[in-house]
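All figures in this text were calculated on a predicted structure; none of them were measured in a lab.
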Amino acid sequence: RDGGLVTCAPDGSERAVVAFANRDIVRHTQPTWSPSGDYIAFSEYTGTVINSPIDSTHHVVVVQARDAAEVCRLRVPFAPYFYQWSECGRRVLFLSNTAQASSSSLVSLDVIT
């Protein structure tokens with residue numbers, strides 16, 4: 001909601017905030033659970049214009065699903081998208097545009113060592 005991330009039980013109870021946001025400055029998108037359900041990877045975007053070289057920053061963030069403790073944070077030059085976890089749950093893969101914006105790169109991030 002408003003760029004934040006919240007988890008809850010199927011009936012809507014047990015709400016827990018995974019990531020706070022200010023929709024004008026910080027937004028979180030693309031939440032993707034690991035195969036075990038223990039981790040959540042998502043994009044964090046800060047700034048007023050997406051992919052602006054002047055005032056935007058983009059991060060891949062991985063947190064523990066049970067308590068939102070941060071496991072990994074990686075700053076990337078362009079907005080990451082289309083997350084996919086490896087079957088073993090140790091890596092998360094994502095796409096990100098290149099500087100020319102005419103193609104995308106596939107990135108693999110080891111998050112659990």
Side-chain angles (χ1 to χ4, degrees):
R1 179 178 162 175
D2 294 329
L5 295 176
V6 177
T7 61
C8 64
D11 66 0
S13 65
E14 301 178 38
R15 290 177 50 103
V17 176
V18 174
F20 290 97
N22 171 332
R23 78 181 216 188
D24 295 327
I25 299 170
V26 179
R27 295 179 225 46
H28 302 91
T29 61
Q30 309 263 342
T32 307
W33 275 253
S34 66
S36 66
D38 293 334
Y39 301 96
I40 306 169
F42 56 89
S43 298
E44 181 180 88
Y45 161 69
T46 304
T48 56
V49 179
I50 194 164
N51 288 336
S52 165
I54 298 169
D55 78 342
S56 69
T57 59
H58 307 279
H59 290 89
V60 174
V61 181
V62 178
V63 298
Q64 293 182 3
R66 71 176 181 275
D67 61 5
E70 194 170 289
V71 174
C72 179
R73 173 180 291 269
L74 174 68
R75 184 173 179 172
V76 291
F78 295 96
Y81 57 97
F82 291 131
Y83 288 96
Q84 178 68 46
W85 283 87
S86 63
E87 188 175 334
C88 66
R90 299 176 70 87
R91 276 184 217 97
V92 65
L93 294 92
F94 60 92
L95 295 176
S96 187
N97 289 339
T98 62
Q100 294 78 21
S102 60
S103 64
S104 296
S105 295
L106 176 64
V107 180
S108 175
L109 177 63
D110 290 332
V111 294
I112 312 299
T113 56

Worksheet item: Got a sec, which pairs hit salt bridge (Lys or Arg N to Asp or Glu O under 4.0 Å) with one end in residues 72-83, sequence neighbours left out?
Response: E44-R73, E70-R73
Worksheet, complete the sentence: Tightest non-hydrogen contact, residues F42 and T29, listed as CB-O, 3.4 Å
Discussion item. Using modelled atom types and a 3.5 Å cut-off, is there a donor and acceptor pairing between side-chain atoms of T32 and backbone atoms of Q84?
Written reply: no
Item to complete: Kindly write out the residues that satisfy side chain to side chain donor-acceptor pair (under 3.5 Å) with E14, not counting sequence neighbours, or none if the list is empty.
Response: none
Item to complete: Using atom types as modelled and distance alone, determine if a side-chain donor or acceptor of S96 lies under 3.5 Å from a backbone N or O of F78.
Response: yes
Fill in: Interatomic distance, H59 atom NE2 to L74 atom CG [nearest 0.5 angstrom]
8.0 Å
Worksheet, complete the sentence: Sorted by chain and residue number, the ring-ring contact (aromatic ring centres under 6.0 Å, His included) partners of Y39 (sequence neighbours excluded) come out as none
Discussion item. Show the nearest heavy-atom pair for residues A65 and G37, with the distance to one decimal.
Written reply: CB-O, 3.3 Å
Practice prompt. Check whether any side-chain heavy atom of I40 lies under 4.5 Å from a side-chain heavy atom of T7, and answer yes or no.
Written response: yes
Worksheet item: Any side-chain heavy atom of H58 within less than 4.5 Å of one from P80?
Response: yes
Worksheet item: Of all heavy-atom pairs between S86 and R90, which one has the smallest distance, and what is that distance?
Response: OG-N, 3.4 Å
Response to the item:
Taken in chain and number order and not counting sequence neighbours, the residues that satisfy side chain to side chain donor-acceptor pair (under 3.5 Å) with Q64 are R66
Worksheet entry | same_hphob_cluster(Y81, Y83) at 4.5 Å side-chain heavy-atom cutoff | no
Practice prompt. Please name all residues satisfying side chain to side chain donor-acceptor pair (under 3.5 Å) with S36, sequence neighbours left out, ordered by chain then number.
Written response: S34, D38
Discussion item. Side-chain heavy atoms nearer than 4.5 Å, only ILVMFWY residues, links allowed to pass through others: does that put V60 and L93 together?
Written reply: no
Discussion item. Assess the residue pair V62 and W85 against the criterion (side chain to side chain contact (heavy atoms under 4.5 Å, CB included)); give the C-alpha distance rounded to whole Å, side-chain angles, the decisive distance to 0.1 Å, and a yes or no.
Written reply: CA-CA 11 Å; V62 178; W85 283 87; 3.9 Å; yes
Discussion item. Restricting to non-hydrogen atoms, name the atom on H28 and the atom on G4 that form the minimum distance, rounded to 0.1 Å.
Written reply: ND1-CA, 4.1 Å
Discussion item. Please enumerate all residues that pass side chain to side chain contact (heavy atoms under 4.5 Å, CB included) together with F82, with sequence neighbours excluded.
Written reply: L95
